[in-house]
Amino acid sequence: MSQTSIHTVIARRVWDSRGRPTVEAEVRLTGGATGRAIAPAGASRGSREAVDLRDGGDALGGFGVSRAVAAVNGKIAGRLTGMNAADQAAVDAALIALDGTPDKGRLGGNATIAVSMAVLHAAAAAHQLPLYAYLAGDREVRLPLPEIQIFGGGAHAGRRVDIQDFMVMPLGAASFDEALAMTAEVYLAAGRLMADAGKLAGVADEGGFWPAFDSNEEALSMLTRAIEKAGYRPGDQVAISLDIAASEFGRDGRYTLGLERRSLDSGGMIHMLAQWCRRYPIASVEDPLAEDDAEGMRAFTAELGGRIQVIGDDYLVTSAARVREAAASHACNAVLIKPNQAGTVTETRQALEAGKAAGFGTIVSARSGETEDVTIVHLAAGWDAGQLKVGSFARSERMAKWNEGLRIEQALGGLGSFAGRAVLPPGAGALPP
Ligand code: PGA
Ligand code: ZN
């Protein structure tokens with residue numbers, strides 16, 4: 001029997017960074033190699049994502065995963081046993097067929113992604129390779145440019161501000177290691193500025209400072225000051241990246257900014273964001289309009305896509321078909337890649353490849369509910385995504401990922417390279433003259 005044939009698949013309930021249950025899967029191969037992975041969980045989800053199977057009811061706020069765990073230990077284990085773990089496409093095709101729904105609703109996207117990634121880990125282990133190296137094969141490995149949250153907002157901070165992520169991209173860094181050190185300086189500087197202004201109120205779901213601001217723009221100006229205070233030239237050495245997550249407060253072309261007590265139409269949103277891009281060193285904007293506002297996405301990209309990165313997250317939900325559609329209609333120029341939005345490793349890879357084929361930027365991303373699982377760092381490096389988004393620079397479910405990137409960079413010695421600013425449109429982050 002082949003060394004890489006699947007011997008057992010088991011699941012257990014573990015806990016995520018919000019203290020909610022999630023699914024961990026463990027796969028053992030006939031040759032003895034094992035692989036393990038944990039499903040993350042989003043809070044501001046796109047309506048077309050793969051859905052988690054949750055127990056509902058009163059216990060654990062309805063977030064229980066006993067049905068998803070049972071799906072792994074029962075149907076999934078039965079189907080996958082004996083399959084070749086090195087044939088990820090066949091394993092994922094079996095998961096997709098067994099589920100049989102467009103949104104993984106029967107087995108649960110949390111069950112399928114945990115199993116799919118555990119199989120991948122087991123196959124890499126059987127080849128005695130670190131996951132990134134198994135994925136890269138003969139290709140050169142490039143460490144991704146990180147985007148790192150400094151203030152958290154939106155659904156991750158009780159909607160204290162409307163905008164979800166105020167992040168930085170350390171464009172001036174020459175290595176992943178330097179990128180993290182630069183971010184650490186900005187994070188510390190931002191914390192001090194907030195404390196001095198009496199606005200430090202703890203951290204949000206992804207570890208960014210909880211934003212006790214009076215307007216969304218106040219966050220932008222404080223972030224720019226934090227970059228300067230840390231000793232960097234805004235826009236040149238460190239730029240700003242925003243995830244508007246507009247689906248959270250926009251529908252049918254109406255956007256309600258709760259903090260500022262005003263409501264805007266699609267054109268008003270584009271005007272406001274374009275103004276921010278003129279005033280602040282913004283290199284990248286994610287989901288500037290809601291997932292149901294294709295027209296708005298196109299208009300925004302037509303106006304700003306030439307000089308900044310425009311990312312589709314809720315808008316593209318890690319779907320290769322939607323990426324191709326968005327490329328054809330010029331609705332954005334970059335795609336966020338979240339494995340659990342797709343539900344299997346193969347579908348995740350297909351969305352990433354569709355993005356690359358379209359000339360899009362590709363950003364592998366964590367979710368707001370995370371764990372110690374570091375699979376996404378290996379996907380970003382091994383697939384050469386060029387960019388990585390993991391939340392902030394605090395809390396161990398985030399730091400586990402950043403630290404894994406450092407290990408990979410060191411293991412590569414002189415062989416690896418760092419993606420750096422070249423992954424962004426030329427001049428991204430620079431303020432117009
Ligand atoms: P989520 O947020 O994981 O809560 O969906 C992350 C994002 O919107 O990028
Ligand atoms: Zn997003």
Answer yes if the side chains of Thr375 and His121 hold a donor-acceptor pair under 3.5 Å, and no otherwise.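 His121 and Thr375 do have a side-chain donor-acceptor pair below 3.5 Å.
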Hey, are Arg45 and Ser247 close enough side-chain-wise for a donor-acceptor pair under 3.5 Å?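 Checked: Ser247/Arg45 side chains show no N/O donor-acceptor pair below 3.5 Å.
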Going by the side-chain contact (heavy atoms from CB on, under 4.5 Å) test, name the single residue among Leu53, Ile96, Leu95 that passes it with Lys104.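 It is Ile96; the other options fail the test.
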Side-chain heavy-atom pair [X], [Y] within 4.5 angstrom cut-off:
X: Leu388; Y: Glu147; answer: no
X: Met167; Y: Phe151; answer: no
X: Ile376; Y: Pro339; answer: yes
X: Asp314; Y: Glu286; answer: no
X: Ser417; Y: Glu140; answer: yes
X: Ile38; Y: Val23; answer: no
X: Arg36; Y: Arg12; answer: yes

With rounding to the nearest 0.5 Å, note down the distance linking CD in Glu178 to CE in Met182.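 Here the rounded value is 6.0 Å.
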Would you say that more than 12 heavy atoms from the other residues, nucleotides or ligands in this model lie under 6.0 Å from the CZ of Arg421, or not?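 Yes - once you tally the heavy atoms of other residues, nucleotides and ligands closer than 6.0 Å, there are more than 12.
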Exceeds 12 heavy-atom contacts within 6.0 angstrom, atom CZ of Arg159: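 Above 12, so yes.
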Check whether any side-chain N or O of Thr318 sits under 3.5 Å from a backbone N or O of Gln341 as a donor-acceptor pair, and report yes or no.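 It does not hold such a pair.
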Does Arg20 count as lying over the ring of Phe63, i.e. NZ or CZ under 6.0 Å from the six-ring centre, within 45 degrees of the axis?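 Arg20 over Phe63 ring: yes.
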Cation over ring face, Arg322 and Tyr315, 6.0 Å, 45°: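 Yes, a cation-pi geometry.
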For Leu145 and Ala419, work out which heavy atoms get closest and say how close.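 The pair with the smallest heavy-atom distance is N-CB, 3.9 Å.
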